[in-house]
Amino acid sequence: MIVKIDLSNDNSYKIYIEKLQALSFDRKVVVVTNPTIAGFHLEYLKSKITAKELSFCTIPDGEEYKNMKTLEMILESCFEAKLDRKSLLVAFGGGVIGDMTGFAASIYQRGIDFIQIPTTLLSQVDASVGGKTGINNKFGKNLVGSFHQPKAVYIDSNFLKTLPKREFGAGVAEVIKMAVCFNSDFFDWLEKNDLRDEKNIDIAIQKSVETKAYVVSIDEKEQGLRAALNYGHTFGHVIENLTNYKTYLHGEAVGIGMCMANALAVKLGLMTKEQEQRVENLLKKYDIPTTYKIEDVEDFYEHFFLDKKSSNSKIKFILPVGIGDCKITDEIKKDDVCEILKGF
Ligand SMILES: NC(=O)c1ccc[n+]([C@@H]2O[C@H](COP(=O)([O-])OP(=O)(O)OC[C@H]3O[C@@H](n4cnc5c(N)ncnc54)[C@H](O)[C@@H]3O)[C@@H](O)[C@H]2O)c1
Ligand SMILES: O=C(O)C(=O)C[C@@H](O)[C@H](O)[C@H](O)COP(=O)(O)O
Ligand SMILES: [Zn+2]
């Protein structure tokens with residue numbers, strides 16, 4: 001199955017959802033990965049890739065390493081491998097590897113090509129597609145980065161066989177995000193089917209990738225519609241930041257954030273209690289957390305202003321409208337948000 005993402009300026013590319021085929025490159029290639037993924041799958045990847053010169057860059061595993069120091073490690077590997085402007089980076093791993101490799105590719109010698117071979121559910125359904133790249137810093141999540149599209153994305157769900165259950169759930173949160181915001185039929189399908197059943201996973205990947213490709217092809221640089229993909233993230237990013245990227249996986253924080261956004265949507269009459277409950281039930285089916293005790297609501301609220309979607313002292317929220325549609329708004333009163341947060 002191939003999903004095409006149509007973009008201007010020669011940035012279009014294909015997303016292959018199938019068993020990984022042999023890849024051959026007549027240029028120098030550096031594969032970026034981490035010890036966990038390498039331990040499970042690097043030998044297999046090596047059997048699939050040939051290149052003019054092939055080298056590897058192994059970075060530490062974890063969201064807490066998605067930072068400037070690790071980015072420099074990747075750039076140093078590029079220099080050590082004497083990559084030139086025709087060379088290629090390969091992101092082989094989850095969203096952390098993908099975001100950092102993409103960012104390194106966007107700045108190495110002012111920009112070289114990269115491809116994505118995502119190995120987590122979250123990166124297969126979301127992070128590998130769309131060209132958002134970046135790193136975190138002490139001020140917040142993904143605050144330094146670029147838009148740099150991959151040349152191709154190769155999604156092979158066989159890699160998921162070694163993925164821990166909790167990581168799988170984190171990926172499902174982003175799948176549910178796509179369905180709640182854009183596709184009520186997909187949501188109904190998710191309620192009736194279990195993604196842990198192997199026969200369903202490629203369907204869910206395909207639906208999610210098609211949804212994301214559609215959104216990104218309309219709004220590559222997040223000037224409008226693309227902000228909807230941030231449903232759950234306005235809250236989730238604050239949770240990740242306040243817990244030092246250690247307590248919750250990204251997808252888990254997004255799951256909690258979706259519940260916060262839903263509570264706000266119910267308060268504002270955009271969603272019914274019953275619809276809110278259906279989303280919560282679906283998250284719980286995969287053991288995705290749905291609550292987070294906020295110690296200091298004022299402090300939590302102040303963190304919203306670090307979000308890239310905030311400007312002119314206004315915070316942008318993505319609120320579901322029922323199930324299958326959503327609204328992007330910066331007109332929400334602070335009192336309404338704080339009341340919801342206090343109730344959590
Ligand atoms: N660019 C985007 O559009 C976008 C979208 C969503 C999320 N993200 C980013 O993605 C990151 C989260 O990605 P993630 O959930 O993939 O986390 P991750 O990259 O940290 O991977 C999760 C864990 O799974 C391990 N792993 C990866 N593949 C494995 C496999 N096949 N078998 C066993 N273990 C495996 C990793 O080593 C890691 O420990 C966050 O930094 C988030 O901000 C980016
Ligand atoms: O691709 C997008 O656009 C998204 O918003 C996808 C999100 O799942 C992802 O976590 C993204 O990185 C969050 O947006 P950011 O702009 O705050 O980094
Ligand atoms: Zn996300």
Side-chain angles (χ1 to χ4, degrees), residues 5 32-42 44-45 58-67 91-103 116-136 140-150 153 156-178 181 208-209 211-213 215-216 219-234 236-238 240-241 245 248-255 257-258 306-310 316 318:
I5 171 158
V32 181
T33 190
N34 74 31
T36 314
I37 300 148
F40 286 121
H41 301 294
L42 194 57
Y44 180 70
L45 185 76
T58 308
I59 60 173
D61 185 2
E63 181 78 37
E64 65 271 34
Y65 297 105
K66 187 179 168 183
N67 57 27
F92 184 51
V96 170
I97 296 274
D99 280 14
M100 278 197 293
T101 306
F103 190 27
Q116 293 265 16
I117 307 181
T119 61
T120 61
L121 179 61
L122 188 140
S123 57
Q124 297 193 344
V125 298
D126 188 350
S128 61
V129 175
K132 270 192 183 177
T133 82
I135 55 173
N136 311 325
K141 184 90 180 133
N142 302 335
L143 291 184
V144 179
S146 62
F147 286 98
H148 188 57
Q149 300 292 342
V153 181
D156 181 344
S157 55
N158 285 305
F159 288 124
L160 305 181
K161 288 182 178 142
T162 56
L163 195 67
K165 178 176 167 288
R166 200 177 149 205
E167 297 290 350
F168 189 86
V172 176
E174 300 270 26
V175 174
I176 297 172
K177 170 191 83 175
M178 307 277 186
C181 284
S208 305
V209 165
T211 306
K212 182 148 185 188
V215 173
V216 173
D219 178 22
E220 182 184 357
K221 301 271 173 75
E222 199 174 290
Q223 300 301 302
L225 179 69
R226 185 167 181 169
L229 295 171
N230 248 244
Y231 165 48
H233 289 64
T234 316
H237 282 173
V238 178
E240 285 187 88
N241 184 246
Y245 307 102
Y248 297 101
L249 303 175
H250 172 72
E252 292 176 334
V254 169
M258 281 158 55
L306 292 169
D307 190 287
K308 293 182 292 308
K309 295 182 303 308
S310 298
K316 210 177 264 176
I318 293 83

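Model, not experiment: these values are computed from the prediction. Whatever order the structure lists them in is the order used to number ligands and atoms, beginning at 1. Computed over heavy atoms, backbone and side chain alike; hydrogens, waters and symmetry mates excluded.
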**Request:** State, yes or no, whether a side-chain contact exists between H250 and Y245 at a heavy-atom distance under 4.5 Å.
**Result:** no
**Message:** Regarding T36 and D61, do their side chains bring together a donor and an acceptor under 3.5 Å, going by distance alone?
**Reply:** yes
**Item:** F92 vs V32 side-chain heavy atoms within contact, under 4.5 Å
**Value:** no
**Prompt:** So which protein residues pack against ligand 1 under 4.0 Å, heavy atoms counted?
**Reply:** N34, T36, I37, F40, H41, D61, E63, K66, G94, G95, V96, D99, T119, T120, L122, D126, A127, K132, K141, N142, F159, T162, L163, P164, E167, E174, K212, H250
**Asked** Any Lys/Arg nitrogen of D99 or K66 sitting under 4.0 Å from an Asp/Glu carboxylate oxygen of the other?
**Response** yes
**Asked** Thinking salt bridges, do E63 and K141 make one under a 4.0 Å N-O criterion?
**Response** yes
**Request:** Return the name of the atom in E174, of element N, O or S, nearest to the Zn ion (ligand 3).
**Result:** OE2
**Prompt:** Between F159 and H41, does the ring centre distance come in under 6.0 Å?
**Reply:** yes
**Complete:** On a heavy-atom basis, the closest approach of F168 and L121 is O-CD2, 3.5 Å
**Asked** Are the side chain of R226 and the backbone N or O of G130 linked by a donor-acceptor pair below 3.5 Å?
**Response** yes
**Asked** Do any N/O/S atoms of D126 come under 2.8 Å of the Zn ion (ligand 3)?
**Response** no
**Request:** Pick out which of K316, K177, K309 makes a side chain to side chain donor-acceptor pair (under 3.5 Å) with N230.
**Result:** K309
**Prompt:** Around ligand 2, what residues show up once you keep those with a heavy atom under 4.0 Å from it?
**Reply:** D126, K132, N142, E174, K177, K212, E222, R226, L229, N230, H233, H237, H250, K308
**Request:** Angle at the Zn ion (ligand 3): provide the value between NE2 of H250 and NE2 of H233, rounding to 10 degrees.
**Result:** 100°
**Item:** Pair S123, S128: side-chain N/O donor-acceptor within cut-off below 3.5 Å
**Value:** no
**Prompt:** Quick one: does K132's side chain get under 4.5 Å of H148's, heavy atoms only?
**Reply:** no
